[in-house]
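Working notes, beginning with the structure itself.
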Amino acid sequence: MLKKVFKYDIYGNMKLFSMLYLIVGVLFIISLVLNQVNKLIPEDIQAIGLTNFVCGLSMFLMYFSCMLLVGASSLLCAVLFYKSVATNEGYLTHTLPVTKKTLVLGKSLAGLVYCFISLIIGFACAAIHTAVVFPDTFNSLLRNLKDSFYIATHSDEFTPLLVISVIIFILAFVAQVFFNINLYYCCVSFGQINNSHKIIMSIVAYIVYTMVIQFLSGLISFGFSLAISINPERLQNFQAYMDAHPDLIMLIISLVVLLFNIGFSALAIHISSKTLEKKLNLQ
Amino acid sequence: MEQLLVSNHISKHYGAKLALNDVSFQIMPGRIVGLLGPNGSGKTTLIKIINSLISPSSGEIYINGNKPGVESKKVVSYLPDKTYLNEWMTVEGLIKMYADFYENFNPERAYDLLSRLNIDPKMSLKKLSKGNQEKVQLILVMSRKADLYVLDEPIAGVDPAARDYILETIISNYDRNASILISTHLISDIENILDDALFLREGQIVLYDSTDNLRTTHQKSIDALFREVFRC
Amino acid sequence: MAWKIDQNRPIYIQLMEILESRIISGVYKSGEKLPSVRTLATEASVNPNTMQKAMSELDRKGVIHSNRTSGYFVTENLEIINTLREEASKNIIEVFFMNMSSLGFSDDEIKTRLRHYIDNYKKV
């Protein structure tokens with residue numbers, strides 16, 4: 001059943017996302033072409049400023065659309081989830097013979113796929129555009145990336161450890177996106193509790209979550225500093241270990257992030273499904 | 001014979017408003033039951049609770065002995081009174097989806113019913129007339145071999161010829177092991193096919209008996225009885 | 001062939017009446033197999049349960065009989081069909097007389113008018 005829910009959620013949202021990808025693609029091509037053509041125009045005509053303005057505008061639109069695609073895809077998925085759960089579409093969604101858990105998981109996996117594709121398309125367009133139109137900037141960015149990578153992994157060869165670290169890093173990143181999606185879905189599900197103000201309730205839930213996280217982070221940092229001040233040796237030992245094994249830094253951090261995100265995603269899915277089971281009031 | 005649907009002291013309130021008040025009744029297999037009442041009497045609320053789209057404030061519903069959940073959804077086929085399907089999907093795509101999710105869905109029957117109406121399965125819902133959209137929804141619901149069909153206002157806002165078609169589809173689909181619960185306020189169109197009538201007023205049951213018994217007792221049609229009971 | 005059903009009276013009784021009149025008039029001949037319950041119910045736009053009830057009652061009366069699972073057959077007993085015809089005619093004549101009397105005619109006046117009609121106006 002999970003496969004089916006996943007499949008039909010992908011089909012259902014395909015038209016919308018394809019359209020968005022198309023728009024970004026078109027803006028990308030237009031901006032690329034205009035900017036390359038602009039480079040060929042002699043200096044004195046360029047000074048008129050009109051061509052520069054047009055190029056600048058198309059460039060702005062392109063980068064902006066990439067940013068929007070990357071940043072707003074998970075929010076869009078949340079809106080689509082709301083539609084399928086709380087509007088007329090819910091008459092189909094909630095009468096299918098699947099558990100609420102399967103429903104939420106299937107839809108969040110589908111959301112993950114689209115968010116990931118959005119990320120790839122957004123970044124690819126921006127990267128290719130920068131590489132072609134501003135090759136110097138691109139090269140220096142690439143150098144910075146290489147340096148950061150070295151600092152994080154302390155190795156320039158393809159050791160198995162490096163490969164594993166990179167894989168775990170990517171998984172951790174995917175898990176982060178997955179958690180983000182599940183967090184939004186959880187807030188939407190939570191919003192069902194209030195009959196007349198479902199959307200407002202969802203937003204409130206998100207705000208509450210953010211505040212709680214802030215509070216907990218503060219608490220953890222405080223506790224951490226307290227532990228260190230009580231026993232500074234622990235920190236020194238830890239630092240010594242890290243200095244001895246610099247290649248493990250990225251691996252350990254990625255692993256922690258991966259596990260936390262998977263754990264919290266599972267929690268969010270559990271809360272979503274329980275809320276939908278007990279508190280659904282479809283109008 | 002086991003009861004197909006049992007409603008056990010179902011109540012539902014929205015804030016101060018009591019939409020359903022201690023509703024208890026049973027439906028045996030093989031019955032066509034009319035859920036009759038004026039607007040706002042709680043018909044749709046009761047139907048949504050049976051389909052677990054709303055959770056009751058108190059009381060339980062049992063379908064073949066199960067509370068509403070995955071098992072009951074496999075055997076209950078529900079036709080809401082709204083358009084709820086994704087308009088961009090083709091009729092063909094919808095049939096495939098229903099066949100995918102419901103084991104007891106019969107695609108041949110669906111295609112057969114569609115061909116009799118000259119509806120092209122390759123068209124998207126969006127391109128069909130509203131009447132045809134509703135017929136497609138009905139066909140999808142009736143092509144499942146379910147134990148309980150719940151039809152919410154299946155003939156409201158539909159022309160008389162389509163009404164006849166819908167009633168004919170319901171009759172020819174009849175199975176003595178299954179039951180049909182039809183909620184409507186267009187009673188004279190439908191009372192000939194009802195076995196039993198359940199009158200709901202302001203969230204409470206005021207009458208539940210076989211239609212022929214009611215005709216014998218009250219010497220009038222169910223429609224006339226309805227007008228009498230629910231006189232404004 | 002539309003089934004004329006009055007919603008103010010129990011439907012199964014009316015279904016029995018219509019089936020009986022079809023048998024009397026020879027639409028369903030003696031010994032002939034009747035259409036299935038489902039077919040008749042669809043034709044009459046009524047609940048198959050109701051049609052089944054009507055046919056069970058006719059079976060009980062002996063007007064039709066069921067042959068295991070191959071459906072219902074009109075009785076071969078012509079006497080039963082004749083009895084039905086006589087009963088139906090009695091009802092029609094009663095109603096005729098009631099209507100004519102309420103118009104103010106005496107019994108003799110009714111007889112004269114009836115004979116006059118049969119001799120001159122009755123369509124063959």
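Proteins come first, then strands; the chains are lettered A, B, ... in the order of their sequence lines, and each starts at number 1.
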Identify which part of B:Thr211 has an atom lying under 4.5 Å from any heavy atom of chain C, answering side chain, backbone, both or neither.
-> neither

Chain C contact via B:Leu194 - side chain, backbone, both or neither, heavy atoms under 4.5 Å =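 B:Leu194 touches chain C through backbone heavy atoms alone.
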
At their closest point, which heavy atom of B:Ala224 faces which heavy atom of C:Asn8, and how far apart are they?
-> CB-OD1, 4.5 Å

So which heavy atom on B:Arg215 is nearest to which on C:Gln7, and how close?
-> NE-O, 2.9 Å

Could you tell me whether the side chain of B:Asp195 and the main chain of C:Asn47 form a donor-acceptor pair under 3.5 Å?
-> no

Ranking B:Leu214, B:Thr216, B:Ile171 by heavy-atom pairs under 4.5 Å to chain C gives rank one to B:Ile171

Rounded at 0.5 Å granularity, tell me how far [atom1] in [X] sits from [atom2] in [Y].
| X | Y | atom1 | atom2 | result |
| --- | --- | --- | --- | --- |
| C:Arg38 | B:Asp175 | CZ | CG | 7.0 Å |
| C:Asp6 | B:Asn192 | CG | CG | 9.5 Å |
| C:Gln52 | B:Tyr174 | CD | OH | 9.0 Å |

Chain B interface, residue from C:Ile5, C:Asn49, C:Thr39 that has the most non-hydrogen pairs under 4.5 Å =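 Top option by heavy-atom pairs under 4.5 Å: C:Asn49.
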
Please say whether more than 12 non-hydrogen atoms of neighbouring residues, nucleotides or ligands are located less than 6.0 Å from [atom1] in [X].
| X | atom1 | result |
| --- | --- | --- |
| C:Lys111 | NZ | no |
| B:Lys145 | NZ | no |
| B:Glu60 | CD | yes |
| C:Arg113 | CZ | yes |

With the side chain counted from C-beta on, respond yes when C:Thr50 and B:Asp212 share a heavy-atom pair under 4.5 Å apart, and no when they do not.
-> yes

Structural part of C:Ile11 lying under 4.5 Å from a heavy atom of chain B | both

